[in-house]
Amino acid sequence: MDTKMLELKAAQMRLATWNMIYKAGTGHTGSDLSCADILVALYYTVMNQTPQTFEDQNCDHYIQSKGHAVEILYNVLADRGYFPKTDLESYSQFNSPYIGHPTNHVHGIEQNTGSLGHGLGLASGIALAGKLDHRGYHVYTLMGDGEQAEGSVWEAAMFAGNYHLDNLTAIIDHNKLQISGPITQVMNSESLTAKYEAFGFNVIEVNGNDISELVNSLKKQNHTGKPLLILANTIKGRGISFAENKAEWHHKVPSDEQYQQGVKELKTIIGGLKNE
Amino acid sequence: MSEQAKIGDVIVAELSKAADKDRNILAVTSDSRGSASLAPYIKKHEEQLVEIGIAEQNSVTVSGGLAHSGKRPFVFAPAAFLTMRSIEQVKVDVSYSNNNVKLIGISGGNSYKDLGATHHSLQDLAITRAIPNLEVYTPADQYQAAKLIQYLAISNEPAYVRIGKVALPNIYSDTKNAFIKPGKANIVVENGTDVALVSSGETLHIAIETASLLKMQGINATVVDLVSIKPLDIELLNQLADKTNLIVTLEEHSLYGGLGSAVAEALSPRGDIKLELLVFLMNQ
């Protein structure tokens, strides 16, 4: 899939997610829109995992540590054929497996997350198992930047660096906002590059809303002997003008008027990409 | 076999045998290879050891990832840190995600004695009992510990095992019936129905000695080994309640949430039992 098609896919996933959150009246809107391009890059072109090979221990793995951005993950998985898109009509309803954080009751989701600070350790365990068994798979995990305040992240980072897990790529969705406000004001985690380098990672900084940059950095062979940390600079709420860079949209549901405006904006983006 | 043995030594020896046959067995340690007496295992299976450093939370989470990839990790750490510092990791990365991780809580109860309350683990059974999808065991002698590890090495269920530090006298004569299956308790003394002493782990031998003292006074006791704290042998407990005048529990744990609580919870629906909380503290 070429870059334009991936960009179109990301815009379509944003629209599907926007619709889902509006209909259900719940969801982590800003976080979903922020990392849409990262998930599209991973699931449509980087990882060798498919619905058919999901159970195969030799295929790539993905652990979504920032579990709250689950709505975009659901839509990507459905679009990739892990389950019917119509399943998502039950999102957030009683007895539905499609709840507000990822669970492995959903085909395509490997580990249950939601409580922050678990993904990097889980991914490190999977990466170490791959090393021990000489399997060729690669492990990806997506964290939030607010999540970096969790101490368990740094226990896992120290472990991954110590074991030289070069089959592990951790991505930080660095939108610089968390639920209470700017990261730098709530709990300043800068410099993440310096911190991860000190913990034994190879760090690459990219525009996390640029599919081309993402794909290039994710596909690049890692010959450093170190785990890779991709600091993906993103915009929270990306794609909806009035939600962009607004902490309040972390877990906000659009009003009727906002919903219609958002649909209009996303359809304009989609139309533009189709016409290119 | 010697008349007594340290349960930790037996667990390590048995795990080493399991690792001979299954290269997916891993011992995971948080700088606790000394206190967990892992040296004999490491001598034979260094490649099946994962050192995490002093990071108990990460030892559980990494083990979740290892188990997800087909490994059979046994995490060795002091019971106090493994079940309290790491409890969210146990809940999420072991129980909730259903990862086949075995948690070996060493030096449980008051084993660390003069090292102080930071190292004491008198709440671990209460905590682990409350976690769904987690079996809980307290082996009482070397035969039972060996049989339990044989089971855990092939089972696919997450489990917590609490052991102590000192050598424990033999209660069973061999491994055959020392541990039968999850949820199965053993009657180890059957003198009569005046009183039933229900215990497990490090206090089971005290219950047996107590039964001997009672017999000298004409009181006939039954002693039950509740090795499987969860799942619980509710059927056997009800049979005891049917035919015994008094049930007394002995344990090295807080009054809240341990073996005594488990027995009381199991029998309370009957409505024909009077529960009394009588506290006897032993001075080691």
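Naming convention: chains lettered A, B, ... in sequence-line order (proteins, then strands); numbering from 1 in each chain. A quick note: this is a predicted structure, and the numbers were derived from the prediction, not measured.
- Looking at Leu26(B), only its side chain comes within 4.5 Å of chain A, counting heavy atoms on both sides.
- Residue pairs meeting the side chain to side chain donor-acceptor pair (under 3.5 Å) criterion with at least one member in residues 222-231 of chain A, sequence neighbours excluded, are Asn222(A)-Thr224(A).
- With chain A as the partner, the residue from Gly65(B), Gly70(B), Ala67(B) showing the most heavy-atom pairs under 4.5 Å is Gly65(B).
- Here Gly125(A) is the residue among Gly117(A), Gly130(A), Gly125(A) with the most heavy-atom pairs under 4.5 Å with chain B.
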Geometric donor-acceptor pairs, no angle filter, chain A-chain B, under 3.5 Å:
{"from": "Gln57(A)", "atom 1": "NE2", "to": "His68(B)", "atom 2": "O", "distance (Å)": "3.2"}
{"from": "Asn104(A)", "atom 1": "ND2", "to": "Ser97(B)", "atom 2": "O", "distance (Å)": "3.0"}
{"from": "Glu110(A)", "atom 1": "OE1", "to": "His68(B)", "atom 2": "NE2", "distance (Å)": "2.6"}
{"from": "Gln111(A)", "atom 1": "OE1", "to": "Asn99(B)", "atom 2": "ND2", "distance (Å)": "2.7"}
{"from": "Gln111(A)", "atom 1": "NE2", "to": "His68(B)", "atom 2": "ND1", "distance (Å)": "3.2"}
{"from": "Gln111(A)", "atom 1": "NE2", "to": "Asn99(B)", "atom 2": "OD1", "distance (Å)": "3.3"}
{"from": "Asn112(A)", "atom 1": "N", "to": "Ser97(B)", "atom 2": "OG", "distance (Å)": "2.8"}
{"from": "Asn112(A)", "atom 1": "ND2", "to": "Tyr96(B)", "atom 2": "O", "distance (Å)": "2.8"}
{"from": "Ser115(A)", "atom 1": "OG", "to": "Glu88(B)", "atom 2": "OE1", "distance (Å)": "2.9"}
{"from": "Ser115(A)", "atom 1": "OG", "to": "Glu88(B)", "atom 2": "OE2", "distance (Å)": "2.6"}
{"from": "His118(A)", "atom 1": "ND1", "to": "Asp93(B)", "atom 2": "OD1", "distance (Å)": "3.0"}
{"from": "His118(A)", "atom 1": "ND1", "to": "Asp93(B)", "atom 2": "OD2", "distance (Å)": "2.6"}
{"from": "His118(A)", "atom 1": "NE2", "to": "Glu88(B)", "atom 2": "OE1", "distance (Å)": "2.5"}
{"from": "Asp133(A)", "atom 1": "OD1", "to": "Arg23(B)", "atom 2": "NH1", "distance (Å)": "2.9"}
{"from": "Asp133(A)", "atom 1": "OD1", "to": "Lys71(B)", "atom 2": "NZ", "distance (Å)": "2.6"}
{"from": "Asp133(A)", "atom 1": "OD2", "to": "Lys71(B)", "atom 2": "NZ", "distance (Å)": "3.4"}
{"from": "Glu155(A)", "atom 1": "O", "to": "Asn58(B)", "atom 2": "ND2", "distance (Å)": "3.4"}
{"from": "Glu155(A)", "atom 1": "OE1", "to": "Asn58(B)", "atom 2": "N", "distance (Å)": "2.9"}
{"from": "Glu155(A)", "atom 1": "OE2", "to": "Gln57(B)", "atom 2": "NE2", "distance (Å)": "3.4"}
{"from": "Tyr163(A)", "atom 1": "OH", "to": "Glu51(B)", "atom 2": "N", "distance (Å)": "3.1"}
{"from": "Tyr163(A)", "atom 1": "OH", "to": "Glu51(B)", "atom 2": "O", "distance (Å)": "2.7"}

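- In this structure, Met158(A) places its CE atom where only 12 or fewer heavy-atom neighbours from other residues, nucleotides or ligands lie under 6.0 Å away.
- With a 6.0 Å radius and a threshold of 12 heavy atoms from other residues, nucleotides or ligands, Leu255(B) has its CG atom above the threshold.
- Contact of Val28(B) with chain A is not made at all, since no heavy-atom distance falls under 4.5 Å.
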| task | Check step by step if side-chain contact (heavy atoms from CB on, under 4.5 Å) holds for Leu128(A) and Val50(B). | result | CA-CA 9 Å; Leu128(A) 180 64; Val50(B) 179; 3.7 Å; yes
